[in-house]
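Since the model is a prediction, treat every value here as computed from it, not as a measurement.
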Amino acid sequence: MSVRAGTVVGRETSPGDPFLRRELRGPVLVVVRGLGLVFAVLALVMYARWLPRWLDLRLGDARHAAGLPGGSSFYPEIAIAAAVAAIVASLAWGILAGLVFLRRSRDLLGIFIAAGLVSMGIMFTDIDVIVYMMRSDSWAPWSLAVILLANALTVPWVFGFPDGRFVPRWSIVLAAIWFAWSIGRIFGTSLDQTTLGAPGIALNALLVSSAIGSVAYRYWRRSDAVQRQQIKWALLGALIFLAAYLVVIPVRALAPAIGQSAGAFSFRTASSTFLSLSLIAIPVALGIAIFRQGLFDIDLIINRALTYGAVTAILALGFVVISFSANRLLEVTIGQRSSLVLLASVVPVALAFVPVRARALQVADRFVADRTVITLLFVDLVGSTERAYALGDESWRQLLGRFRVAVRRSLRRYGGREIDTAGDGFFITFEGPGRALRCARVIVESVRDLDLDIRIGAHIGEVHVDGRHVTGVAVHIASRVMSLATPGEVLVSRALRDAVAGSDIELADRGFHRLKGVPGEFQLYAASARPFT
């Protein structure tokens, strides 16, 4: 496969791109973005109509619980605090959706993800109640149609994350089933999960699990280093929420009578608040995956998250077994249960936490490589030897000093990390690919004012980081890409170009090239000659 050199691929389009990653231009871009924006506005309007009724329902439950024996006059305030937590979690999804729409919506995938994130924020607030209320809304069936369309968009984008390809290909059928099922609910309650009962719950669980499974399959079989890093971030957010969920569920299992007790409201409100706050971790992790993959050492973080999650699950299971066994034994012996036995069962579980955690960390550390994915930038002065001879040592030293000041000023602005300054060049790393390319264009313009020409090469890949030392094949690829750039040009690899897909960064295809010392051919792109917004 080859592309005519110099063809402007806009911000993203190139042969071999999946359909969702094809660049949208002109009127088509305006129309599709407009449709996405209209949907988001309508969904938020319906959400705003639903919230007051939902709050009244929650306050009604709180007032009822306050009147029960053992109830508290503070229950309404507690209900409001829990509602605020749910709304804040919804807002986190909405903020991420706005960022994706503003910065990555020049293709269908960006608009698709933005709509899905808005939908998730709305539906996660209280999905069963919101659909029920929209069915009885005075604006129905239009309000119901908007909300169910939002529900239809919550899952399908997951099948295409992060590069717009449905992996495996037949997973698009599952995405279509979810979408059709949600839209079908507009025409009656027969397809509602509560009406379908166990089959509806099973279908819902199957489709959601298949979406997660497709991401896992992509990670193990069809992803490169950058995509694996993005998936790891998404996994981290899901793990945090899952850990919170695993804390709540065992407590509910241990106290089956709590639903009939005076403390039912307090427990229900506290657990829902806890889950709402933990849910914020998912949009935060997705935001890092999309915009700033190298922000932290994700492997180390996931190592700890998996370890603590496993320890929590093991100890929770141990707590359930010990408590149930002790209370069962007491019931057989004296004919009744005891809360003191339940409290005493906490002690051995608490004592086991530290040694179990330490052992789990030792096991997990064996499987974690000290590697991370970052964006690499090489900057080189063009014709520096000739300029040095022409100017003389002192004048060249001063000019070189101004060049370095200009580059470092740009690095501070865009968050670049200077790894090495060898003579008249720079080796720089960035946490986000978009920031790296924006910084590169600014550097080109700033040194041009000094009557200097530079060339820049950029690549994103997996490297080994040891303090200020960054090593790996990706470093050599970035250096070789730089060597092929012409004066004033920012040349980037296909991997980096894919990492900024959907943004306003304009790239022109420079065809396929062999890089010295690196096997295979690499498709390279040149950044536009103007600074990006």
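Salt bridge R438/D504: present, at least one basic N to carboxylate O contact under 4.0 Å. Under the 4.0 Å criterion applied to side-chain N and carboxylate O atoms, E445 and R441 are assigned as salt-bridge partners. Checked for salt-bridge contact, E431 and R417 miss the test: no charged N lies under 4.0 Å from a carboxylate O. Between R494 and D498 there is a salt bridge, since a side-chain N of the basic residue sits under 4.0 Å from a carboxylate O of the acidic one.
Cation-pi contact between R514 and F522: absent, since separation from the ring centre below 6.0 Å together with deviation from the ring axis within 45° is not met.
Using modelled atom types, one side-chain atom of S223 and one backbone atom of R218 make a donor-acceptor pair closer than 3.5 Å.
To the nearest 0.5 Å, the span separating CH2 on W139 from CZ on R49 amounts to 4.5 Å. Atom CD1 of residue I130 and atom CG of residue N151 lie 9.5 Å apart, to the nearest 0.5 angstrom. Here the CG atom belonging to L507 is positioned 7.0 Å from the CG atom belonging to L437, to the nearest 0.5 angstrom.
For R135, the salt bridge (Lys or Arg N to Asp or Glu O under 4.0 Å) criterion is met by D192, not counting sequence neighbours. For the salt bridge (Lys or Arg N to Asp or Glu O under 4.0 Å) test, residues two or more places apart in sequence or in another chain that qualify with E418 are R408. Every residue two or more places apart in sequence or in another chain that forms a salt bridge (Lys or Arg N to Asp or Glu O under 4.0 Å) with R455 is listed here: D380.
Between the side chains of R53 and S136, at least one donor N or O sits under 3.5 Å from an acceptor N or O.
Of the residues Y47, W54, W50, W93, the one that meets the side-chain hydrogen bond (donor to acceptor under 3.5 Å, both in side chains) test with T125 is Y47.
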